[in-house]
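Below, read A as the first sequence line, B as the second, and so on, with proteins coming before strands; counting in each chain starts at 1.
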Amino acid sequence: MAGKMAGLMADFGHYTHAVVRGVPASLAKEALRSSQAEVDLAGARSEHEAYVQVLGTRLGLEVVELPADESLPDCVFVEDAAVVCGDTALITRPGAESRRRETEAMKAALKELNLNIVEMTDENATLDGGDVLFTGQEFFVGLSKRTNQKGAEILADCFKDYAVSTVPVLEGLHLKSFCSMGGPGLILIGSSEHAQKTLKIMQQMSDHRYDKLTLPDDLAANCLYMNLPNKGHVLIHPTAEEYPESVTVFEKLKDHMLIPVSNMEKAKLDGALTCCSVLITKRADI
Amino acid sequence: MTTEVGSETEVKEKAEESAAETDQSEKASEEAPEVTAAEGEEKEKDGKEGKGIARYLPTWLKKQKSQTSPTKEELTTRESDSKDAQEEDGPVPEVNGHAEEENEAVKSDQVKEKEAESHSTASADTEPAKEEKVEESAEKSPEETAVTEEGEGAEEEKKEQEGEGEAQGEEGGGEEGHTSIFQSPLRLVRKNKMKQAVCLVTLLDGTDFTCEVEKRAKGQFLFFKVCEHLNLMEKDYFGLAYIDSHEQKCWLDPTKEIKRQIRSNNWQFAFNVKFYPPDPSLLTEDITRYLLCLQLREDVASGRLPCSFVTHALLGSYTLQAEAGDYEPDQPRPLDNVGQLTFAPNQNKEMEEKILELHKSHRGMTPALADIQFLENAKKLSMYGVDLHHAKDSEGVDIMLGVCANGLLVYKDRLRINRFAWPKILKISYKRNNFYIKIRPGETEQFESTVGFKLQNHRSAKRLWKVCVENHSFFRLNAPEPPAKARFLTLGSKFRYSGRTQAQTRVASSLIDRPEPCFERTASKRSSRSLDGAPRISITEATSENGRDPHLDLLSDSKSPNRVHGDNIYVRHSNLMLEDHDKTTDEVLKHQASISQLKRSFMEAPPPSPPQPNQWEKRLTSSPAPTIRIQQQQQVSLEEEIASVLLSRHSGYCSAPPACCTPEPTLDADLTPGSTSTLAATEESAPQLEDVSAAENLISETKEPAKTAEVEIEETVVVQEVSIAPKPGLVSVTSPQEVAVEKEVVVTVETKEAKQESVSSESESEEEAEYHPNVSVSICHTQIPEEEEEEEEEKEEEKGVSVPDGPSLPAEVEEEEIEKKKNVEEEVEAKSNNDPITTQATNGHTLPEESGLAPEEEEEEEEEEEEEELKMNGEASVVEAEPRPLVICCSEPPVVKTEMVTISDTFAAQKTEIATKEVPIVHTETKTITYEAAQLDGNGDGEPGVLMTAQTITSESLCTTTTTHITKTLKGGLSETRIEKRIVITGDCDIDHDQALAQAIKEAKEQHPDMSVTRVVVHKETELAEED
């Protein structure tokens, strides 16, 4: 039966494919960042390699790796370029002008995967995938520096089955800079005041119940959750090296397969774990 | 004659005006005979009196009376001189209804209407008859309660009258004698004959059903006919819709005459789903699901229920499977079918291909299963069951308001920008074209706020309001609120949902005992449906800029500290409260003084050692105001304490009249007696929590720490009211105070009436109505996790608490119960102490029922079977004129089984956050302070009484949980009411303890000025994060 559910409320986290992109050399110097941190390119590359390896080799996803584009220093953060839900892919219009062209390669790749492509052509709309939290039952779109109401509207229009609620992103780059899904109905949330506030708003706006897992570090609340056949709940989370306190919290998720993946270098560029891939559920029968 | 007519109208109008001028508080002036009183005025008065007395009648009685109402029948026979006279019946309730009802009819209409009215009534012949009737109704004023039933219809009646007047012109005498302006009185007489009207009802499969009904038939008559035709038993989810003269789709009110609702003699209706069941799989019969499917197919095809391409295709494929059966590769037929059927607003070849492709995969699926699959998918759509209304926010920005099972949703351009769950809404009202909801204070606010929206016109506002009232009632209440009850505190429309609630209908469905009816699934003919042609509402684009603040129009409902506000839980009473607020300002001040006094002593008290509660011996001064104001007030946000305040009032005078004072019956008593026993939710045979501290203590340890420095606060307020019961052995008992209250209420109501009258003359100025979602009473058991519920039941069974269903012998039951409850109590206590977390989660809700600490049976009053009062505040028992037969008493079970009050889902989410084990919080700091006043006469512990009523009410806002537990017991002739209020506040900021305590006490005192505080327990628990 699950297979017949088609795009509607398919099993959450049941991904089959991942789209990633290489790390351009320009990342170290030119990629956008909110801090002045020095980025070690080699470190970033090896981290990314490990990340891709986990997705492909360890978890068995079919990984589509797009080549890096030197003219797009942020291109490794593919999440912002597209929002995929079911068999529909919304190609975004990233809030940062320098990143707009990142969508081209993404669009081509998703088309290749036979997804229904919806493009955000409205010039007043901006949307970064990092501001989109899909819970499996509904969308929350953070209104941030990078995402505006119009962008959220277009997303709502694109995914009509789901409620799309907007929440303000008071601090941080993206909505998912301090939260992500940790399982079906489980929201990982940072402990900062703004993160907690945002969570409250999300809870108020929702008809669904969510459990929450509060992490001491906001950035540690960004993890990649998957529910894979033969593997069950999988959580790719930051390493103990980065966030020792938070990792002890993850360790309490007994049902999850926990995979720590280092993200130290990319984190300097406000890139979190979800930022580096677009996960796709493709089904044979749909 | 014309002149005469004119004068009468004038006089009436004048009378109304004068009524309007009457000061609200001056009941006397109203009651005083007005010399100039025109007939109309007299009628008004009668109506009022009737209402006044009606209030003393239990609803079931009213209902009975109104049904068998001799007045009307007698009148009909007696005043046989003309139908016209009977026609006068209409205006009578109308007078009462006037105020409340929207006068969208607008003045011009009103004028017209008056013309019509006067024409129809002015004949000299009818005059005496009219007077006679007035007299009669004065005698039998209780009968006026019939008005209750129709009161709401007043508007429609009015309009209808007007409409009829208009229609007559159009009809040109084609049909029987209408009271046309041009018709002679003689002609009017002929109208007396029962006339039939032919109704055309469009069914969900697109076919029409015609049937004849009497012109005076009520909505439900037609509705039942349709359901009968459809062979539908689970009918409560459905309704009949009609298009009003403004091209708006309206629901036909089953309790009112059809012709008073429809316009222009247009007897066309559509049978539609009115309440979309959130979980269609819980429907009992396939035929019900089939009809729901038909509705949803239409919703989807028309675009009212938006969905994605894939979902369109999927739903379409199930439709195809259900209607056409298995895909047959040889036959090209299905493909043709696909082309003919409309599945989506923008159906194209691609979609049809997809539908066919999916259809193939459904091979072997029965139609019923296909329907189930269809519904399983449709119900997940975000707009499933959402009734959208166009509106504007305070800044004039176009938004949409969506009413659904869970509450009110606010959309702007397809985006959900806000949501108000029913439990968060304290009051729903409309005034002119404004629609307001008063919302419970959030974590940072002290006071409720009111959110206002502008609708296109007042008709839309009222329509939205009605939809809200109905949806709230259907989905959240266990039983509908009786309009009669509500009226005495409500301004404006007395409209209430009259059908069965979802809870009731589920019970009823479970009793359906028939083989699945055969029905034919016809290929849907949905393309053009008369009613669905009504402007389709979808979340459309609006122009405004991005980044709108999701909080719309917070009209800050700023209130002075003195003002008693907040009608959170005690919905109806809150209104009362607001009414006499002015009078009691002094009292409030006095209370505040005593509060500060208490606060001082509190401050001086030595800090208690954490786990052991300190007992204080201190009493608060109390001012004996006759009104019991039980009200949940603004909650102190982010306190760090748990404060419990027990208020008690003892008074020993005995004044109850020999007549029985009966607490009002459960709300649903008259509506669905059959299901009452199972449903009467809020009535729990609850304990009088003598050992409150036990309950309180648990709180201290609870709360799964999710975060550093999360704090939980709890406040418990127990109000005790003790009064002497009139006479043992009576069927019912009421405390004198309550009678007093009742009186006061009367005053209030009268005042209101005056106001309402003014409305009728002032036209729109007061078009408004309020509705207080009685969330607390109403929490549906649906929301309780199944397991928990079962557990609960088991537990109860274990303890052997007998659960009488339906009528049973009250006395026996009581005895049994009493014994058992004692045991239960012990258990509960034990449990509470051991299992803090559980208690925290369920405490407010289950505790009362479990700890049904019951009074001992030795009480002589034992046999007085006390009806449980559904009413939450334990206030205002209804004084009944005639003794109440035991049998009827029993129709409400003395004990209600699994009464559970749960938390609204949304906010519950916060409570279910990952359990402690997963959270890095370690230290907990706990502090408990207890204050206990001297018990007046040891009534507390020594002498258990007979439990009369008990209720638990839980309300939640974002970080506050308020649990109010009210028990009424009868001990040795004393009726005691204890109100225990517990407020748990969760937050992570520092809070001023003193202020929190003072606030809690103040609130308690303000809310129950006539009671005294007997115990205050402040408990603070701070969880500290590890700081390594």
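The CG atom of A:D161 lies 9.0 Å from the CG atom of B:N377; values are rounded to the nearest 0.5 Å. Note: B:R419 CZ to A:Q203 CD = 10.5 Å, rounded to the nearest 0.5 Å. Distance check, rounded to the nearest 0.5 Å: OG of B:S308 to CG of A:N116 gives 9.0 Å. For the atom pair OG of B:S382 and CZ of A:F159, the computed distance is 13.5 Å after rounding to the nearest 0.5 Å. Note: B:K380 NZ to A:Q137 CD = 9.5 Å, rounded to the nearest 0.5 Å.
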(request) Show your working on side chain to side chain contact (heavy atoms under 4.5 Å, CB included) between A:Q149 and B:L415 and close with a plain yes or no. (result) CA-CA 9 Å; A:Q149 176 100 3; B:L415 295 172; 3.6 Å; yes
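Contact annotation for B:L305: neither backbone nor side-chain heavy atoms come within less than 4.5 Å of a heavy atom of chain A. Contacts between A:E251 and chain B at a heavy-atom distance below 4.5 Å are absent for every atom of the residue.
Atom NZ of B:K379 sits in a crowded spot, with more than 12 heavy atoms from other residues, nucleotides or ligands closer than 6.0 Å.
When each of B:N418, B:I417, B:D413 is tested with A:T166 by the rule side chain to side chain contact (heavy atoms under 4.5 Å, CB included), just one qualifies, namely B:I417.
A pairwise comparison of heavy atoms in A:K160 and B:C307 identifies CB-C, 3.7 Å as the closest pair. In plain terms, the two heavy atoms of A:M205 and B:R416 that are nearest each other are O-NH1, 2.6 Å.
Ranking A:A156, A:C158, A:A163 against chain B, the residue ahead of the rest is A:A163, based on heavy-atom pairs under 4.5 Å.
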